[in-house]
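Residue numbers begin at 1 in each chain, while the letters A, B, ... track the order of the sequences.
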Protein chains: 2
Amino acid sequence: MIELEAPQLDAVFHALGDATRRRMLRDLAKSERTVGQLAEPFAMSLAAASKHVKALENAGLIRREVRGRAHICRLAPGPLASAHEWLNFYARFWTDRLDALEGLLLTEDTRRSDACKGDDS
Amino acid sequence: MIELEAPQLDAVFHALGDATRRRMLRDLAKSERTVGQLAEPFAMSLAAASKHVKALENAGLIRREVRGRAHICRLAPGPLASAHEWLNFYARFWTDRLDALEGLLLTEDTRRSDACKGDDS
DNA sequence: GGGAATGTCAACCAATTGGTTGAATGACTG
DNA sequence: CAGTCATTCAACCAATTGGTTGACATTCCC
């Protein structure tokens, strides 16, 4: 699917690792916003907010359309899906583990558990 | 479900925003590892790797069992699932949008769209 | 007990981050 | 054209990050 290389994943997760930027994404999920509108909920300078927007854009999480003097931002699908998929690997890891555990409990509940061995290397 | 508050999400995504730590998680997905084993693939001091491990632990992404002098690390399920769910919100955003777009294309394909403005630069 | 193995801690350092301010750029408006 | 609006840029600053090294603590082993 949409594959991200390591540096891109770095940028995506780094961008997500800040409440300000996550809030901006949440606002963008409602509808498109200008940089000024994105900045408005925060008690920080426009320049600071602009840097956050740039971080999001840099990570590919949003794209920007410059229309006149306003910069209109929208969510971009790719990287979020990628991060989602990346995490999905670990989600799968856990569902596998839990399934295996459940299986073990079902098949082993009458036997002694001395046959427990490593399942992978 | 497993809900993370903002500071915890900060820690989780911050932890994921580093290739070293993601590699450690990948190794831990194979099997449990000691701190030394986690550090081994990297050209950095053990102390540095230990800090990365602590960041992962701090984010709740792994848990550690101190057995004798060895610290054995394992993946922890909760926060990864939470981050996954968080991202799922945006995945849903996009599937919704794409579905809506598909719907639009189906219903609008016979009508003229005179709202064509010069928007691309 | 002595020594190697496994990790952490503390101090330190360079680079990055997140914020500020003030000036500059570009685009609308009167 | 002058002024304001939307935004970025550059310089700067404090705090954090990611790395180093050397000095601990514990634990295992002979």
In whole angstrom, give the distance that lies between atom CD of A:Glu40 and atom C1' of D:dC5. 16 Å
What are the two closest heavy atoms between A:Ala29 and A:Leu75, and how far apart are they? CA-CD1, 4.0 Å
Per-nucleotide protein contact string for nucleotides 14-30 of chain C, where B marks a base within reach and S marks sugar-phosphate only (heavy atoms under 4.0 Å, - for neither): ----SBBB----BBS--
Rounded off to whole Å, could you give me the CD1-to-P distance for the B:Ile72 and D:dT26 pair? 19 Å
For C:dT6, does OP1 or OP2 lie under 4.0 Å from any side-chain N or O of B:Thr34? no
Closest heavy-atom pair and its distance - A:Arg22, A:Gly17: NH1-C, 3.9 Å
When rounded to whole Å, the CD to P distance for the pair B:Gln37 and C:dA5 reads 15 Å
Residue set satisfying side-chain contact (heavy atoms from CB on, under 4.5 Å) with B:Ala47, at least two apart, ordered chain then number -> B:Ser45
Are A:Leu46 and A:Val53 connected, step by step, through hydrophobic side chains (Ile, Leu, Val, Met, Phe, Trp, Tyr) whose heavy atoms are closer than 4.5 Å? yes
To the nearest angstrom, how far is A:Glu65 atom CD from D:dT7 atom P? 12 Å
Side chain B:Arg21, main chain B:His14, donor-acceptor under 3.5 Å: yes
Would a hydrophobic clustering, with Ile, Leu, Val, Met, Phe, Trp and Tyr connected at side-chain separations under 4.5 Å, put B:Val35 with B:Met44? yes
